[in-house]
2 protein chains.
Amino acid sequence: MDIRTRILKAAADVYASTGFRGATTRRIAQEAGCNEITLFRHFGSKACLLHEAVRCAGMEIAPTTLPDPPRSPRAELSDWAHRQHQHLLEKRSIIRTCMGEVEEHPEIFPTADGATDHAALGLTTYLAGLKAHKLTAVDFDEGAAAAMLIGVLFADAMGRDIMPKLFPAKPEQAVTRYVDLFLRAIGAVKQ
Amino acid sequence: MDIRTRILKAAADVYASTGFRGATTRRIAQEAGCNEITLFRHFGSKACLLHEAVRCAGMEIAPTTLPDPPRSPRAELSDWAHRQHQHLLEKRSIIRTCMGEVEEHPEIFPTADGATDHAALGLTTYLAGLKAHKLTAVDFDEGAAAAMLIGVLFADAMGRDIMPKLFPAKPEQAVTRYVDLFLRAIGAVKQ
DNA sequence: ATGCCTTGCAAGCATACACTTGCATACATC
DNA sequence: GATGTATGCAAGTGTATGCTTGCAAGGCAT
């Protein structure tokens, strides 16, 4: 692997587990298996390195999309939710660290082009499509509904390892149940 | 105010905005308006001080309870949800910091006696009561439902200031909509 | 072979940190 | 008045950190 890539990965890992202050240049260099100076030669400063490392770590996402003409809400939403949850679960460490430091280092937080915003937009559009195609029996606010589904997926992925009482079920089972509840909440027509 | 209390409050504030490493004894002392040594004389070490400060900051909670024989699900759940959300919103800073550092400092994270666990238990019990009293039209998993409502309240409170696209509505309006969706999800009987 | 480019090594610098020591000052209780 | 207790001030210790400097070793193209 390229040394630059190795450094970026090491920086993201160390940052995820120790935060900005804890991610010392010495430790990142050790984790990357290179000399400390090489970091500075490549990225100039610790701040620039971490900034880019977090940006790249967030960019690895393969954004799951929902079909444009919705056909089978249950199947499509279930598939989408499981993928989103899986992704959040894998990245939970760096996401939690980023969120914990967003007030001190807002510039390091991937905001506008973040995956979550993208996911929210996609889901909202999909839900609007559901209504347009008469696949729901009741009226509801797409924005609130999207926030609700994404919210519970997010909270579950962030909290299940540290608050096991709140999320006792296994990940896949839990997500399936969330989707079930969600479908009923938006009055999805059974197929 | 007692100096000990002042120090604890200052420690919690500084910790909430800068994390464990960022919460230097100098800055805490400055924030508390006392000498740095006083911290050590009272609490022995920075770790002990922060541990107790976070514990106390989390303990300030006035845990909102749900009525035992449920009567009006919409009114009761709405009231409860708004209170929970308000509380999470007020404490979002320290909660985010705690979550971001839970892997590095698990001992500082208020777990078992935490408010969230308590809230989850109370809500689960309430939902079971709803089913027992035939106030719901469909069957559902109380645990998953509780996680869903708490999850979205949590995600909203943690994320609305840093991901405004995901949570565009005003807090109270958003919570009301979550509760509406939730009531439909659990098939709550209209009253 | 020469020169360039990347990387490594050793050492160091200025700063900040947690924490300690010694001493002085106030205040309250006896 | 004497004594103990809580707090403050000044100074310092050892360590860690971000970052720099100087120099050498290796690969690679000309």
Student: Starting from the 5' end of DNA chain D, give me the residue, G33(B) or A47(A), whose nearest nucleotide shows up first.
Tutor: G33(B)
Student: Is any NZ, NE, NH1 or NH2 atom of the basic residue among E104(B) and R21(B) found under 4.0 Å from an Asp or Glu carboxylate oxygen of the other?
Tutor: yes
Student: What do the steps show when you test E103(B) against S17(A) for side-chain hydrogen bond (donor to acceptor under 3.5 Å, both in side chains), and what is the final call?
Tutor: CA-CA 7 Å; E103(B) 290 169 53; S17(A) 63; over 6 Å; no
Student: Could you give the CZ-to-P distance, from R21(B) to dT15(D), as a whole number of Å?
Tutor: 18 Å
Student: Rounded to whole Å, please give me the gap between CD in E36(A) and C1' in dT7(C).
Tutor: 14 Å
Student: Is any side-chain N or O of T38(A) closer than 4.0 Å to OP1 or OP2 of dG8(C)?
Tutor: yes
Student: For DNA chain D, whose closest nucleotide is more 5', that of I37(A) or that of G22(A)?
Tutor: G22(A)
Student: Does the pair R96(B)/D161(B) count as a salt bridge with the N-to-O cut at 4.0 Å?
Tutor: yes
Student: Return no unless some side-chain N or O of R26(B) is found under 4.0 Å from OP1 or OP2 of dC17(C).
Tutor: yes
Student: Round to a whole Å and report the spacing from CG of L49(B) to C1' of dC19(C).
Tutor: 13 Å
Student: Looking at E172(B) and R177(B), does any basic side-chain N land under 4.0 Å from a carboxylate oxygen?
Tutor: no
Student: Could you tell me whether R184(A) and D180(A) make a salt bridge, using a distance below 4.0 angstrom between a side-chain N and a carboxylate O?
Tutor: no
Student: For R4(B) and dT7(D), what is the distance between atoms CZ and C1' respectively, to the nearest whole Å?
Tutor: 15 Å
Student: So, K131(A) and E142(A), do they make that salt bridge, N to O below 4.0 Å?
Tutor: yes
Student: Without decimals, in angstroms, what is the distance between R6(B) CZ and dA6(D) P?
Tutor: 16 Å
Student: Can you measure I3(B) atom CD1 to dA26(C) atom C1' for me and round it to whole angstrom units?
Tutor: 13 Å
Student: Please report, rounded to the nearest Å, how far the P atom of dA24(C) is from the CG atom of N35(B).
Tutor: 16 Å
Student: Among residues 39-46 of chain A, which contact DNA chain C at a heavy-atom distance under 4.0 Å?
Tutor: R41(A), H42(A)
Student: I'd like to know if D2(A) pairs up with R6(A) as an ion pair, taking the criterion as any Lys NZ or Arg NE/NH1/NH2 lying under 4.0 Å from an Asp or Glu carboxylate oxygen.
Tutor: no
Student: What nucleic acid atoms does A23(B) come within less than 4.0 Å of, heavy atoms only: base, sugar-phosphate, or nothing?
Tutor: sugar-phosphate
